[in-house]
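Order of the sequence lines sets the chain letters (A, B, ...), proteins ahead of strands, with each chain counted from 1. Heavy atoms only: backbone and side chains are in, while hydrogens, waters and symmetry mates are out.
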Amino acid sequence: MSSNPPHRERVFEAHDVTKTYHMGEVDVQALRGVDLELYSGEFVVLLGPSGSGKSTLLNILGGLDVPTAGTIRYRGDVLTDFDDSALTGYRRRHVGFVFQFYNLIPSLTAEENVALITEIASNPMTPLEALSLVDLAKRRTHFPAQLSGGEQQRVAIARAVAKRPDVLLCDEPTGALDVHTGILVLDAIQRINEELGTTTAVITHNAIIAEMADRVIHVSDGKIVSTDVNSTKRRAEELEW
Amino acid sequence: MQRFVISQMLLSLDRKLLRDLRALWGQAIAIALVIASGVATFVNSQNALRSLESTRAAFYERSRFAEVFAGAKRVPDSMKSRLEEIPGVAHVETRIVEGVNLDIPDLNEPALGQLISVPDTHPPLLNQLYLRRGRWLKPGADDEVLASEKFAAANELDIGDTIAAIINGRRKQLRIVGVVLSPEYVFQVKPGDIVPDPKHYGVMWMNEEALSMAFDMEGAFNDVAVELLHGANIDEVIFRMDELLDPYGGRGAFGRKDQISHMILEGDIRGLKTTGLIAPTIFLCVAAFLFNVVLTRTLALQREQIAALKAFGYTNFDIAWHYIKFVLVITLAGAVLGTVGGNLLAGFFTEMLARVYQYPEILIRVRWSIVALAISVAATAALLGASAAIWRAVRVPPAEAMRPEPPANFKPTLIEQLGLGRMLPNVARMVLRQLQRQRIKTCVSIFAVGLSVGIIVVGQFMQDAIDYVTDLQYNRVQLYDIQVNTVEPLSTDITHALASIPGVMHVEPMRSVPARVRYGPHYRRVAVQSLPTDVTLTQLMDRHRATWQPPPAGLVMSKILAEQLGAKVGDLVSIEVLEGKRPTLKLPVLALLDDIAGLNVYTSLDSMNRLLREAPRASGAYLRIDQNQQAEVYQELKEIPALAGVSVREYALQSFQDTIAQNMGTIKAINLTFAVIIALGVVYNGARIALSERSRELATLRVIGFTRHEISAILLGELGVITVLALPLGMGIGWSFAYLLSTYLANEEAFRFPFIIEKSTYGLAVSVVLTASVLSALLVRRKLDHLDLIAVLKSRE
Ligand SMILES: Nc1ncnc2c1ncn2[C@@H]1O[C@H](COP(=O)(O)OP(=O)(O)O)[C@@H](O)[C@H]1O
Ligand SMILES: [Mg+2]
């Protein structure tokens with residue numbers, strides 16, 4: 001098992017988090033008592049089979065969903081006490097999301113999709129800077145329909161990081177991509193984690209990707225079963241699968 | 001085995017149909033309501049039209065309504081057989097018709113009566129009376145009358161009541177023994193009025209012997225009604241009748257088309273024919289549009305389901321049929337509602353018609369052929385709207401449909417291409433590009449919402465036009481308080497006699513000369529209004545309120561009359577005078593008057609008297625009186641035997657307003673309801689579809705920190721733009737509809753709608769539609785608040 005790097009500030013602190021979905025007659029226990037800490041600047045991969053509760057956990061951390069029981073602290077604030085508008089404000093200021101299906105706005109160009117965020121953020125980079133981070137500055141005037149899947153995902157990453165979020169949460173960012181483009185996307189996420197120091201959590205069920213992480217958190221059946229600390233992180237372009 | 005599987009699957013397809021319907025219930029109801037409105041208006045208007053036509057036909061046939069009418073001064077009875085000999089004549093009924101002044105209990109002001117003779121020994125053969133209450137006249141009775149129902153009702157007269165008539169200068173008490181209906185007087189319009197005034201105009205029937213004694217008409221008649229043989233040439237008959245009657249003061253025979261009651265009925269039926277299909281057409285077009293957009297969206301969402309079904313072996317037809325059933329279920333629900341509503345509406349209209357028309361009974365019933373026609377037209381419209389959407393979706397090959405639809409293509413909008421884009425926030429850009437990408441849908445939405453604005457404008461336009469006409473007719477044209485008519489043209493000294501009545505402040509003479517005005521092959525019977533050139537108590541005024549003076553020589557005539565004759569300004573027309581020495585005058589048309597009611601011809605009193613080579617005569621006068629002495633003036637006027645009719649402007653106005661206001665209220669309420677249904681249907685569906693199409697986008701925005709408020713602005717901004725663009729367009733649509741309608745109705749002889757739309761009408765239309773839009777927006781906004789952020793992100797689309 002691992003020892004947590006003590007010199008780093010704690011960003012998230014989850015204590016005994018459970019989440020139960022009521023589906024008519026049956027209850028689905030998506031999370032069954034999760035304890036978790038995430039530290040400033042680290043790159044964490046959540047690894048586990050489909051249906052194990054990874055997305056649920058990430059959504060709760062990101063303020064998209066609330067747990068049935070348990071507490072979440074974000075830098076001392078108790079997220080679980082927030083109401084809907086406080087959660088919206090929290091997402092607006094601190095969190096960057098990247099989804100499996102990109103979720104770009106089809107009626108806006110790459111640059112405008114990013115600008116959508118920079119317009120409501122307090123200390124953003126320019127949309128162009130954000131696009132440069134993912135190597136897409138030259139495609140700034142293109143609409144989503146004119147971009148490949150990998151390019152769309154990189155725009156989504158630019159959009160997520162343009163406001164300089166404290167945390168970047170990525171739910172299977174390469175799930176819909178082929179190997180080659182997947183690596184380009186992971187590379188972008190990795191560089192952002194390193195260059196901006198953004199605390200980054202990436203969900204995947206692909207064990208290879210875990211080699212990029214500082215820590216790998218294994219999730220199974222709604223629980224965290226183990227945590228590995230990688231002594232050496234791999235670069236994205238070195239991954240093979 | 002295979003059969004079995006397929007039928008199992010079809011059953012689950014039907015289950016899917018029900019679930020789809022449940023998921024879309026709000027939109028389904030909105031569309032069903034629009035369909036219902038279309039079916040209801042169709043059923044109602046066609047029912048009313050058929051009812052009017054068949055009721056009238058039945059009544060005319062049963063009572064043997066005459067086909068040619070003629071009045072004269074005094075014709076010896078021996079002429080009856082000469083009239084019967086005219087080729088084409090089937091039957092001749094001769095009568096005595098006399099106008100009298102009435103003194104009705106509890107009625108201060110004078111009223112006019114029309115006494116019509118019926119044979120003592122047998123009921124009339126033509127224009128038979130329908131006895132509503134009471135009994136027929138006793139043979140030989142000289143003080144009994146049958147009263148027309150409207151007149152009796154308006155004055156609350158009943159069997160056994162008596163009224164006084166001034167007959168040949170003598171006051172005579174007449175007892176009402178029966179209340180009747182007559183095909184000649186479905187509408188009872190007092191000469192000179194434009195709408196019925198049953199309170200002050202009573203038609204009554206009396207024994208011929210008594211009437212002929214009272215008016216010194218023994219052995220003579222002064223009115224003829226004629227029934228024609230099948231295929232008779234009516235113009236020929238009229239010509240021959242005129243030849244026979246001219247020596248006896250004939251005032252010109254005329255057919256049904258110039259008979260005032262029939263003329264008004266014809267106008268109503270024509271109006272229903274032209275306007276009755278407008279509303280259903282609008283509704284069904286809107287319904288077709290709504291089906292198109294809703295199905296386009298639904299099918300886009302079910303793209304992969306369709307692909308799967310095809311992979312299982314369903315044919316394109318199977319799948320198309322599934323969605324057609326979806327359309328048919330909604331259409332049928334709307335049609336059932338519309339049939340019920342249409343028959344309810346028809347009930348309203350029955351009451352309205354029963355009030356307005358005097359028929360023994362109104363034949364309104366549910367006509368299933370009309371209902372069937374309405375439903376099949378509705379279904380056709382719905383399927384036309386849906387088929388393009390269905391075909392587009394069903395045609396996609398399954399392998400292609402399995403893949404997600406590629407992201408939609410967008411381009412910078414025109415505004416941005418013009419370099420103005422920099423000034424737009426991203427949210428505005430999203431709204432504009434979305435609208436531009438679905439150009440056709442956007443345009444049709446704008447048009448449909450505009451339609452509902454237009455419908456309200458048209459409905460209100462009727463009111464505006466009526467207000468305008470009322471003001472024109474009663475405040476600007478008629479500046480007198482009372483108009484009197486004499487029994488016969490009298491010396492203009494009558495004005496002095498009238499002026500000497502205490503309370504009468506000012507008198508101006510006039511002469512109304514019955515004549516045929518002829519130009520080339522065309523002629524019309526008219527009364528030439530001869531007025532002093534400096535007349536002040538009445539005005540020659542056109543629809544734009546421009547006034548003319550009675551010309552010192554020559555004629556000013558209604559534009560519509562000139563058009564019927566084919567005459568232009570400067571042409572010489574013949575005036576064949578139908579009284580006195582009956583000269584034929586050739587007079588130039590000096591000006592055309594674009595007026596709003598009747599077929600009018602004007603000249604100056606002096607020139608008319610000169611042309612007739614008579615001492616100055618008048619057939620009536622306009623009076624202005626001291627309002628404080630009203631009652632006294634009325635009383636004096638009732639006592640003057642030379643006066644045949646007294647008409648009080650104030651009461652004419654009242655009856656005009658009563659007749660019209662009663663019906664306008666109902667019509668406007670119905671109109672408004674329909675406009676709201678369209679506006680709600682279009683805006684609500686538009687909002688729901690936008691929500692469905694954009695929920696993914698909007699959820700994404702919520703996830704990355706946009707507030708509910710901000711995403712509402714994006715979604716509702718789209719609706720806002722549509723509504724805002726629709727408003728001016730709708731005003732334009734309303735304007736054009738009203739204009740079209742007014743030109744349709746501009747050729748009616750009795751009454752012509754002017755084209756007037758007040759600003760308040762636009763105001764009302766805009767606020768009603770805005771309210772409907774805001775309401776739809778709020779309904780959708782509630783859904784927006786419950787957007788499931790996580791679910792949206794999990795799925796691909
Ligand atoms: N909205 C929901 N309603 C009901 N059950 C849900 C919902 N979201 C997730 N679940 C269930 O919770 C469990 C965990 O789901 P999820 O967190 O999406 O897993 P993962 O992302 O690891 O695949 C699964 O069993 C899933 O079916
Ligand atoms: Mg997941």
Test log, rule side-chain contact (heavy atoms from CB on, under 4.5 Å), inputs T707(B) and R92(A):
CA-CA 9 Å; T707(B) 60; R92(A) 194 169 184 144; 3.4 Å; yes

Begin from the C-alpha positions of F143(A) and R433(B) and carry the test side-chain contact (heavy atoms from CB on, under 4.5 Å) through to its verdict.
CA-CA 11 Å; F143(A) 284 92; R433(B) 285 179 193 164; 3.3 Å; yes

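The 12-atom threshold is exceeded at NE2 of H142(A), counting heavy atoms of other residues, nucleotides or ligands nearer than 6.0 Å. The 12-atom threshold is not exceeded at NZ of K783(B), counting heavy atoms of other residues, nucleotides or ligands nearer than 6.0 Å. More than 12 heavy atoms of other shown residues, nucleotides or ligands fall within 6.0 angstrom of atom CZ in F43(A).
For R93(A), no part lies under 4.5 angstrom from a heavy atom of chain B. Contacts of I117(A) with chain B are made by side-chain atoms alone, with heavy-atom separations under 4.5 Å and no backbone atom involved. In this structure, the portions of T109(A) lying under 4.5 Å from any heavy atom of chain B include both its backbone and its side chain. For D84(A), the part lying near chain B is the side chain, with the backbone staying farther off; criterion is any non-hydrogen pair under 4.5 Å.
Taken from OG1 in T700(B) to CZ in F99(A), the straight-line distance is 6.0 Å, to the nearest 0.5 Å. Taken from CD in Q434(B) to CG in L108(A), the straight-line distance is 10.0 Å, to the nearest 0.5 Å. With rounding to the nearest 0.5 Å, the separation of CZ in F706(B) from CZ in R91(A) is 11.5 Å.
The minimum heavy-atom distance between K163(A) and I704(B), with the atom names listed, is NZ-O, 3.7 Å.
Using a distance-only test at 3.5 Å, with no hydrogens or angles considered, no donor-acceptor pair links the side chain of R702(B) to the main chain of L64(A).
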